[in-house]
Amino acid sequence: MYHVVIPKIGAATAWRTAARGFLAAQIPPHEICWQEPGTAPELFAHTQALPPTGDIKVSRRFVAMANSVVWHRDRDRFAHLYGFLWRLRDAPHLIGDHGDPHLARLRRMEKNVHRCQHKMKAFVRFREIGDPEAPRRSFAAWFEPTHHTVEPTASFFARRFGDMDWRIITPDKTAICVDGVVSFSAGQARPDLPEDAHEDLWIAYFENIFNPARLKVSAMCSEMPKKYWKNLPEAVAIPNLVKTAPERAEKMARAAPTLPPLRAERMKERLAQGNATDGALPSQTSAPRQRK
Amino acid sequence: MTVKRKLEILSDAAKYDASCASSGSSKRDSRDGKGLGSNEGSGICHAYAPDGRCISLLKILMTNFCVYDCSYCVNRVSSNVPRARFTVDEVVDLTINFYRRNYIEGLFLSSGIIRSPDATMADMVRIARRLRKEESFRGYIHLKTIPDAAPELIAEAGLLADRLSINVELPTDAAVEAYAPEKSPEQIRGAMADVRHRKDAAQDRSHRGRRPPRFAPAGQSTQMIIGADGATDKTILGRSTRLYGDYKLKRVYYSAFSPIPDSSAKLPLISPPLQREHRLYQADWLLRFYGFELDEITSTTRDGNLDLAVDPKLAWALEHRALFPVDVNKAPKELLLRVPGFGVKTAKRIVSTRRHCYLRYDHLLRIGGAMKKAQPFIVAGGWSPGSLTDSACLRARFAPSPEQLTLF
């Protein structure tokens, strides 16, 4: 029995190196025990030295899939991947067989990871932790992804936020980017990030871009599942928006049409004469006149 | 007035623009450390409002002062909504600071018409120029173009922005003239044609083989309001088919006419026809990605409107049962695309998988077809619909059950 521990950081490379060695040495899946760090070694598992890594030929589509599946939360992901890789030796066409249950399961895991990465790109919310006037501004975020997606997603943030330093802290892993160089360290508990005044503006935007006449809570929840809400600043506004929406829509429908403000006539005349001037006229605060 | 108050007013005024796309532009990033932002092809929806719409861009009006009097619009000159106006600095600052906190993909800037169309457009272009040149912003910018603005302003806008859009507003010219008296449908179409020509011209290489800078790389889009006038779905889809063809639009957005604060007496306030909007989008997709012709979809409509109870593809299949059931192991891809419950991805997967094995019903489940819907229309290993395909009550399986009318 072989016993491999795949580290948390660099799991993709570690798994690939190990799998390459096993496959080159023709070790079948049932002789390998794949483990995450920190789990107790299996009873009676006596460890053999791993075979040296070898050269093997595998479909590019498998490699792309494996590079995502290794970040899944499922403890058995490494074994599943190797099991399928073993089957691919004699039947390389299996990688394109959408009817195969084993592949279907791996594809489902791949999809879970992709979705988790996508949601991470969308829902990480930075707060400024440094001086806003500094040449390189610095930001930090606390995030709780469903899968181990910090490492494969960090490069996205590096490509996007090239002129600032940032860190994304999760319970499982921390990604830090300083001067464009990304590094990873162990996970941390939720830190106390300083208040950020722009959060207030963002919530104001979120509240006002919502149209109360089109309330569709289930559509929102399917794309922005509730598990993410605790780390989204704008989510605090949701309950009240949902509660007041029917009433607001009804109020709009019931309100009697008002008379146009005084400036409307003047501006229409000017427009007709072809010399419209600035619309910023002082009547902006006057109360609407009700049509009797 | 504080920036927060302005943001409240000017985002409230912008919410009736349906587009929030941030996809399909040129690829770029800021790995060089000299700028901010990236664009990687697919857009990202950073939040969802309780109306189920995604929030991808900071969608605001530069100002909601407007000299026009379009009845359907919350910002028309005769409306009593509170008014505000952003300065160039304020818009730039909000965009950059929201972007750095990962709230948005970029900016969608629209505006009421103040002073003159040229002056308004010039201010919008100034904001885009500041973002691109001074802030080195590489995120997404969508500018709503003013139809009668000067050509050189449109030319500059196209070089700075990822997408330009001009709203056709309503499905027919008659409706535009009735409800948006200051706007001219010919002028709107002229402006769309101008954007198309500039975009086409930017594809041509010079005699040295060099490409000119790209013009509006994410293309142009438009929006029309549904349900404010009496246009039928047939008219609407006919109009959008011509728009896609004539101006190479990336998208036509349909926006269900929705009650607005301080509405005009000219238009009735009804609850927005959301289901109709949904069916129009489905038909739009069938036309663009499923190989349907316009008259195939409109032939199934009664009185010119799509069936609200079942989707347009199912409605078509129910009328053309002689073509079904389709054998998933033999049928060409074009026919697979016509099966209700099969999408573009499913059809592609069926074609690639059946090279290796004979497809059975449970294969299709794994491939990801919506099998409940597809059942009556297909034959696969271990599955035959029998008389189901031709049964008289097939429509009733899919349509929502009829509701008891209330007496009050």
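Only a predicted model underlies this, so the values are computations on that prediction, with no experimental measurement involved. Lettering follows sequence order; numbering is per chain, from 1.
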Atom pair CZ (B:R100) and CZ (A:F139), whose distance is rounded to the nearest 0.5 Å: 6.0 Å

Flag if over 12 foreign heavy atoms under 6.0 Å of CD, A:E247: no

Spacing of OH belonging to A:Y205 relative to CG belonging to B:L58, to within rounding of 0.5 Å: 5.0 Å

Separation of A:K216 NZ from B:R53 CZ (nearest 0.5 Å): 8.0 Å

Flag, side chain of B:N102 to backbone of A:V124, donor-acceptor distance under 3.5 Å: yes

Contacting region of B:C357 [heavy-atom separation from chain A under 4.5 Å]: side chain

Toward chain A, the part of B:L94 with a non-hydrogen atom under 4.5 Å: side chain

Per-residue contact mode, B:Y99 against chain A (heavy atom under 4.5 angstrom): both

Side chain to side chain contact (heavy atoms under 4.5 Å, CB included) between A:E128 and B:R101, intermediate numbers included: CA-CA 8 Å; A:E128 185 141 33; B:R101 285 161 181 79; 3.1 Å; yes

Heavy-atom proximity to chain A below 4.5 Å, by part of B:A13: neither

Interface moiety of A:F157 toward chain B, non-hydrogen atoms closer than 4.5 Å: side chain

Ion pair B:R366/A:D97, N-O distance below 4.0 Å: no

Max heavy-atom pair count under 4.5 Å with chain A, selected residue of B:E40, B:K34, B:E182: B:E40

Main-chain N/O of A:F210 paired with B:K15 side-chain donor or acceptor, under 3.5 Å: yes

Under 4.5 Å from a heavy atom of chain B, the part of A:R107 involved: neither

From A:I209 atom CD1 to B:K59 atom NZ, the distance as rounded to the nearest 0.5 Å: 5.0 Å

B:I104, part contacting chain A, at a heavy-atom distance under 4.5 Å: both

From A:H198 atom NE2 to B:D93 atom CG, the distance as rounded to the nearest 0.5 Å: 5.0 Å

Largest heavy-atom contact set with chain B, pairs under 4.5 Å, which of A:A213, A:A219, A:A104: A:A213

Worked verdict on B:E135 versus A:D163 for side chain to side chain contact (heavy atoms under 4.5 Å, CB included): CA-CA 11 Å; B:E135 304 289 334; A:D163 70 348; over 6 Å; no

Approximate separation, where rounding is to 0.5 Å, of A:E234 CD and B:H46 NE2: 10.5 Å

Interface residue of largest heavy-atom contact number with chain B, from A:E199, A:R127, A:R248, A:R108, under 4.5 Å: A:E199

Heavy-atom pairs under 4.5 Å with chain A, option from B:S79, B:S352, B:A47 with the top count: B:A47

When B:R355, B:R28, B:E277 are compared by non-hydrogen pairs under 4.5 Å with chain A, the top option: B:E277

Pair B:E105 + A:K121, salt bridge at N-O below 4.0 Å: no

Check: B:S78 side chain, A:P260 main-chain N or O, donor-acceptor pair, under 3.5 Å: no

Side-chain donor-acceptor contact under 3.5 Å, A:N211 with B:S258: yes

Contacts of A:F156 that satisfy ring-ring contact (aromatic ring centres under 6.0 Å, His included) - sequence neighbours left out: none

Heavy-atom pair count under 4.5 Å with chain B, highest-scoring of A:D200, A:V217, A:V242: A:D200

Interface moiety of B:I55 toward chain A, non-hydrogen atoms closer than 4.5 Å: side chain

Side chain, backbone, both or neither of B:Y103 within contact of chain A (heavy atoms, under 4.5 Å): both

